[in-house]
There are 2 protein chains.
Amino acid sequence: MKKKLSIKDIAEQLNVSKTTVSFVLNGKASENGVSQAMQRKVLSYIEKVGYRPNKMAQGLRTGKSKTIGMMVEDISDTFFSTIARKFEEILTTKGYKIIYGSTENNTDVTKELIRVFRNHQVDGYIIAPPPGIEEDIKALIEDGVPVIIFDRPLTELDVDSVLVDNYRGAYKATQHLLANGYKNIVMVTLLSEQTQMRERERGYRQCVEEAGGKPAILKIRYHEKKEKAIADIEQYLKNNRKTDAVFFATNYLAENGLEAIANCKLAIADRIGVVVFDDSNWFRLFKPSITAISQPIEAICTEVTNLLMERLEQKKEIAPKAIVLPTNMIIRNSSVPVKKAGRT
Amino acid sequence: MKKKLSIKDIAEQLNVSKTTVSFVLNGKASENGVSQAMQRKVLSYIEKVGYRPNKMAQGLRTGKSKTIGMMVEDISDTFFSTIARKFEEILTTKGYKIIYGSTENNTDVTKELIRVFRNHQVDGYIIAPPPGIEEDIKALIEDGVPVIIFDRPLTELDVDSVLVDNYRGAYKATQHLLANGYKNIVMVTLLSEQTQMRERERGYRQCVEEAGGKPAILKIRYHEKKEKAIADIEQYLKNNRKTDAVFFATNYLAENGLEAIANCKLAIADRIGVVVFDDSNWFRLFKPSITAISQPIEAICTEVTNLLMERLEQKKEIAPKAIVLPTNMIIRNSSVPVKKAGRT
DNA sequence: TTATTTTATTAAACCGATTTAGTTATCCAG
DNA sequence: CTGGATAACTAAATCGGTTTAATAAAATAA
């Protein structure tokens, strides 16, 4: 019921003008010749009554909302929610809040999200972009709004971006399996045009071919009922009994793929080699536990926020940077005695 | 570079007043006697140029930001991020955006978050409250701000809340284990004063005692390094060889507890009964797969948002509601042949 | 002593919407 | 033909800040 006090109230209580209070509040006191005595007076009163300026009013006048818009495919995905947490941690220290939106990897949803975020006057965007959103992002940039892309590249667009080396990650994953004696590695990936998926595929292909093998790729349609995904993978394994290792291109696929493997009730179940792109806390609990290509989440977040802050504080033109980070291979309790592994 | 257009621009282009445009925009045209012709004219122009009002200005004038503040212990936790996603889904359809903050279950952090949210003029709060925050929340409510509590009760405070029946959930979990022939069930829980944890403990205790057993409770300190948690649980199992089943009070504990069980390398490893409070997609992948008490996430979200919308649209006083939802037991591939289970 | 600069403070415009209180013009009744 | 009601629209106040331009008082220079 006690209504919030405004800068006008403060000014009246102290018998000074709003201007003076505002100057003090914004650290522009000294440069505007407000006396030290006055500064102390205002500051201590502010402190005492716990006054905090209304962001709406500030935002209206300055055009800055102190809010960052974050758009990812799905905030409930562990990868993205972990990142969201880190962003929050870092951006809070800079006085920013985050509003989020899930794109569902859908262009129209994303377009609408961008529109809503614009109306909310967010100061900057952090986006894991869906395909086909180039034009809209270009428009943002041309309007001078800071945009940082991550997780998925946006080819043909010169924009700040932070990505991981999907190609190398997949290559290393495959290499690891080969080095452990596996001969028939299938890659299970998404039936999707996402660039990062194509890169992972390329890494796998390249590695297998260099070793003189023949790539085997199983593509699963996303967002279908997971039972379907499981059945598809199961089918494949049953039809290709020589398969002795699986490289899952995403966590989501591994989740279902592991069930498929279990369902097969094949002897291979505990001998099969498994590597997954993206790590999970649960992987270490399987036996044999699962090796993963993990993304450097911490680094991604600091790079993204650094780029963002740079843009937000930007005085002069700066050229967009494209940062590519290496992945980490987490080798767990490696698979199985190498010699016994193959079933050739 | 093309600067966004304002209602003033629209008005000038159309040779009408801002007032008229505003009335049309807010659906208050007819009740204010704006002619149909004029309404169409404005509407079609708005549509054509894609004008959208500035939320900052609207917010300043109306005091409504169309933003909801969500505070949970940790947004990267699967339970909370899943909920965050659902909230987003529902609230988006009502024209709201969400800003979030992680409380770390810390009172001071939460106090500051509330302060920040207030400055941002959020229209409503959805909070999974840490202990000791009663006063601050009471203050919010007294100021007439909608607050919905979930996940954790705030005893002694009359506020809208949505909780699950932790007591019954834990009771059922324990009962399930007993019914399957397990005799020595240990409950692994957090060393924490959180009410919902105490309820779970109470459910377990009650059930064991009713069956004439002696409760065994192992409390783990949270936020410690997980290696410590694993070691503690491992230690317990080694010191209490009669233990034939474990009831984990949280997902987090199960994650580490399962590793502890594996580390024990005891014969019991594949015979031990395991039930976890909170479900996880990964549980079905273990063998024997893990039974879980799952929270009705969908229902929690609809109840919370319903209460919230009710408050937001509230005309007259309404008494706070406390909603308690039942948990679901997800029995998976049940444990093990009952007879062989015990090791007595 | 007067003119000029510097120091300390403030009045008023502005941001972009909503909303209150009018203002015309038209219509109808008496 | 006049006065009151109604219909259609609008001027101006307002929300709570920031910022520009101005002012009064004190200090320095001429």
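Residue numbers begin at 1 in each chain, while the letters A, B, ... track the order of the sequences. Owing to the predicted nature of the structure, the values given are computational and were not obtained by experimental measurement.
Contact check for Met70(B) versus Ile75(B): side-chain heavy atoms found under the 4.5 Å cut-off. Side-chain contact between Leu157(A) and Lys138(A): present, with at least one pair of heavy atoms (C-beta onward) separated by less than 4.5 Å.
Ser76(A) pairs by the side chain to side chain donor-acceptor pair (under 3.5 Å) definition with Asp74(A), not counting sequence neighbours. For Asp151(A), there are no salt bridge (Lys or Arg N to Asp or Glu O under 4.0 Å) partners two or more places apart in sequence or in a different chain. With sequence neighbours excluded, the residues forming a side-chain contact (heavy atoms from CB on, under 4.5 Å) with Val109(A) are Glu104(A), Asn106(A), Leu113(A), listed by chain and number. Considering only residues two or more places apart in sequence or on other chains, Lys321(A) meets the side chain to side chain donor-acceptor pair (under 3.5 Å) condition with Glu310(A). Scored by the side chain to side chain donor-acceptor pair (under 3.5 Å) test, Arg61(B) finds no partners at all (sequence neighbours excluded). For Arg115(A), the side chain to side chain donor-acceptor pair (under 3.5 Å) partners are Glu112(A), not counting sequence neighbours.
Summarising the geometry of Leu308(A) relative to Ile148(A), their closest heavy-atom pair is N-CD1, 3.7 Å, with the distance given to 0.1 Å.
When DNA chain C is scanned 5' to 3' for any atom under 4.0 Å from a heavy atom of chain A, the first and last hits are dA8(C) to dG16(C). With a heavy-atom cut-off of 4.0 Å to chain A, the contacted part of DNA chain D has its first and last nucleotide at dG16(D) to dT20(D).
Looking at residues 40-68 of chain B, you'll see Leu60(B), Arg61(B) sit with a heavy atom under 4.0 Å from some atom of DNA chain D. Residues of residues 15-27 of chain A having a heavy atom closer than 4.0 Å to DNA chain C, listed by number: Asn15(A), Val16(A), Ser17(A), Thr19(A), Thr20(A), Phe23(A).
Direction of the helix axis in the helix from dT1(C)-dA30(D) to dG30(C)-dC1(D) shifts by 70° between the two five-pair termini, rounded to 10°.
Within a 6.0 Å radius of CD in Glu298(A), other residues, nucleotides and ligands contribute 12 heavy atoms or fewer. With a 6.0 Å radius and a threshold of 12 heavy atoms from other residues, nucleotides or ligands, Glu156(A) has its CD atom at or below the threshold.
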Under the criterion side-chain hydrogen bond (donor to acceptor under 3.5 Å, both in side chains), I'd like the reasoning laid out for Gln121(B) against Thr67(B): C-alpha separation, chi angles, the key distance, then a yes or no.
CA-CA 8 Å; Gln121(B) 306 260 118; Thr67(B) 302; over 6 Å; no
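Sorted by first and then second residue, the side chain to side chain donor-acceptor pair (under 3.5 Å) pairs with a member in residues 17-30 of chain B read Ser17(B)-Thr20(B), Ser22(B)-Asn26(B), Ser30(B)-Gln39(B); sequence neighbours excluded.
A salt bridge links Asp143(B) with Arg118(B): the distance from a Lys NZ or Arg NE/NH1/NH2 to an Asp or Glu carboxylate oxygen falls below 4.0 Å. Between Lys66(A) and Asp123(A), no side-chain nitrogen of the basic residue sits less than 4.0 Å from a carboxylate oxygen of the acidic one, so the salt-bridge criterion is not met.
When each of Gly33(A) and Ile7(B) is assigned the nucleotide of DNA chain C bearing its nearest heavy atom, the one mapping closer to the 5' terminus is Gly33(A).
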